[in-house]
K.L.:
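Sharing a structure below in structure tokens format, with a few things to ask.
Convention: sequence-line order gives letters A, B, ...; per-chain numbering from 1. Treat the numbers as computed from the prediction; the structure is a model and nothing was measured.
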Protein chains: 2
Amino acid sequence: MPYWQGGGCRGRFRECGLKWTQTREAIVNTLSSKSGHLSAEEIFFEVKKVLPGIGLATVYRTLETLRELGIVREFDFKDGRTRYEFVVGKENAEHYHLICRICGKIIDYEINPHKEEDPIKDFKSFLSEKFNFSIERSDVQFLGLCEKCREILDKK
Amino acid sequence: MPYWQGGGCRGRFRECGLKWTQTREAIVNTLSSKSGHLSAEEIFFEVKKVLPGIGLATVYRTLETLRELGIVREFDFKDGRTRYEFVVGKENAEHYHLICRICGKIIDYEINPHKEEDPIKDFKSFLSEKFNFSIERSDVQFLGLCEKCREILDKK
DNA sequence: CTTAATGCAAACCGTTTGCAGACCA
DNA sequence: TGGTCTGCAAACGGTTTGCATTAAG
């Protein structure tokens with residue numbers, strides 16, 4: 001059984017005086033098993049398979065709690081819905097996204113802080129110092145054309 | 001008279017078979033005179049001072065057109081509304097934003113490509129090559145604490 | 001005179017909220 | 001048992017759309 005089930009997350013909830021319910025466990029399990037960037041609705045339908053009675057509002061409320069606890073992270077890919085990603089086990093990892101403006105494909109480039117150095121670490125230090133600003137997290141997206149869509153465009 | 005009024009933008013509109021109307025001119029003038037990151041509603045009320053009969057839908061439709069023409073750029077600062085910025089005259093400039101999570105203040109760090117080199121140019125080249133992806137524009141935001149809010153927090 | 005652009009109001013849609021009932025500690 | 005949490009449905013708010021009218025070229 002993965003370590004966070006009934007473990008890490010449950011403990012974090014309890015420390016904060018929050019209750020660990022089957023609904024919350026189901027949502028955390030979905031987030032941790034499905035990789036990628038899920039929308040609230042996608043999570044809702046996924047959890048519905050296990051708990052058919054779940055409500056969409058509960059998913060939103062749980063996601064907000066999970067975000068406050070640092071268990072999930074929000075992303076906005078400008079498609080009209082917020083997307084969520086499970087970050088337990090990679091708390092300090094940095095994400096960089098390449099988003100294709102044609103097909104919407106998202107390439108996730110992730111830095112494992114134990115292995116590699118953040119490629120824009122120096123730039124962050126520079127900005128922190130220049131503006132006396134404490135950077136807590138970053139949201140770095142590059143928009144453009146993926147390989148396939150560029151090939152299709154080139155042929156036209 | 002600034003060069004874009006009845007000039008650059010008007011020409012760009014005509015080239016595309018689009019009409020240059022007083023409404024569009026008023027919106028462009030507002031965008032170019034008010035610096036910063038305006039929401040559609042802020043633009044709406046600003047233009048209303050000159051054209052009281054303007055409708056909010058027209059502002060949205062015009063902003064979409066301006067975005068397609070590359071005259072404005074969209075930003076999402078996670079406050080629930082899209083923000084727009086006039087980019088004529090700084091087409092190749094890169095923007096980096098520091099956003100305070102307490103007061104919402106946005107520090108805009110802009111690179112003038114004629115004077116300075118993009119601080120994350122190498123990282124972009126690296127990603128482009130690694131994923132065979134053409135980066136057209138970037139959206140780089142750092143969230144954290146500004147000087148004042150950190151001082152307030154420290155005193156507590 | 002033709003076609004695009006506008007204003008209005010209603011629709012849209014992701015998200016939030018109020019509340020009565022259910023559940024965890 | 002007491003305080004959360006949940007599901008439901010209604011509300012919310014930024015954005016979009018349909019349509020009749022107006023205005024640009």
K.L.:
How long is the line joining CD1 of A:I43 and C1' of C:dG14, in whole Å?
P.N.:
14 Å
K.L.:
Can you check whether A:T21 has a side-chain N or O nearer than 4.0 Å to OP1 or OP2 of D:dC5?
P.N.:
no
K.L.:
Give me the one residue out of A:H95, A:E42, A:H97, A:R73 that meets side chain to side chain donor-acceptor pair (under 3.5 Å) with A:H37.
P.N.:
A:H97
K.L.:
Select one nucleotide: of D:dT15, C:dT15, D:dG7, the one nearest the side-chain heavy atoms of B:A40.
P.N.:
D:dT15
K.L.:
Between C1' on D:dC5 and CG on A:L51, what's the gap in Å once rounded to a whole number?
P.N.:
13 Å
K.L.:
Let me know the distance between CD1 of B:I27 and P of C:dA5, rounded to the nearest Å.
P.N.:
12 Å
K.L.:
For the pair made of NZ in B:K48 and C1' in C:dC8, what is the distance, rounded to whole Å?
P.N.:
11 Å
K.L.:
Using OP1 and OP2 only, check whether a side-chain N or O of B:T82 sits under 4.0 Å from D:dG14.
P.N.:
no
K.L.:
Contact class for B:R61 vs. all strands (heavy atom < 4.0 Å): base, sugar-phosphate, or nothing?
P.N.:
base
K.L.:
Would B:F123 and A:Y96 count as a ring pair (Phe, Tyr, Trp, His ring centres under 6.0 Å) if you check the C-alpha gap in whole Å, the side-chain angles of each, and the deciding distance to 0.1 Å?
P.N.:
CA-CA 10 Å; B:F123 181 46; A:Y96 303 104; 4.9 Å; yes
K.L.:
Would you mind telling me which residue lines up with the more 5' stretch of DNA chain C, B:L56 or B:G17, judged by nearest nucleotide?
P.N.:
B:G17
K.L.:
Which of these nucleotides, C:dT15, D:dC8, C:dC24, is closest to any side-chain atom of A:K19?
P.N.:
C:dC24
K.L.:
Would you indicate which nucleotide in D:dG14, D:dC5, C:dG14 comes nearest to any side-chain atom of A:R24?
P.N.:
D:dC5
K.L.:
On a heavy-atom basis, which atom in A:F44 and which in A:I54 lie closest, and how many Å separate them?
P.N.:
CE1-O, 3.2 Å
K.L.:
For B:D79 and for B:L18, find the nucleotide of DNA chain D with the closest heavy atom, then tell me which residue's nucleotide is more 5'.
P.N.:
B:D79
K.L.:
Among the candidates C:dT15, D:dA24, D:dG14, find the nucleotide nearest to the side-chain atoms of B:Y60.
P.N.:
D:dG14
K.L.:
Please give, in whole Å, the distance from C:dT16 P to A:R81 CZ?
P.N.:
14 Å
K.L.:
Let me know the distance between CD of A:E15 and C1' of C:dA25, rounded to the nearest Å.
P.N.:
16 Å
K.L.:
Between B:E94 and B:K124, does at least one N-O distance fall below 4.0 Å, as a salt bridge requires?
P.N.:
yes
K.L.:
Side chain of B:T58 only, please: which of D:dG25, D:dC5, C:dT6 is the nearest?
P.N.:
C:dT6
K.L.:
Calculate the interatomic distance between A:L63 atom CG and C:dG14 atom C1'; express it in whole Å.
P.N.:
13 Å
K.L.:
Do the side-chain N or O atoms of A:R14 get closer than 4.0 angstrom to the phosphate oxygens (OP1, OP2) of C:dA25?
P.N.:
yes
K.L.:
With a 3.5 Å cut-off and heavy atoms only, can you find an N or O donor on one side and an acceptor on the other between the side chain of A:R83 and the base of C:dG14?
P.N.:
no
K.L.:
Would you mind reading off the distance between B:E64 atom CD and D:dT15 atom C1', rounded to a whole angstrom?
P.N.:
11 Å
K.L.:
Is it the case that the ring center of B:Y109 lies less than 6.0 angstrom away from the ring center of A:F126?
P.N.:
yes
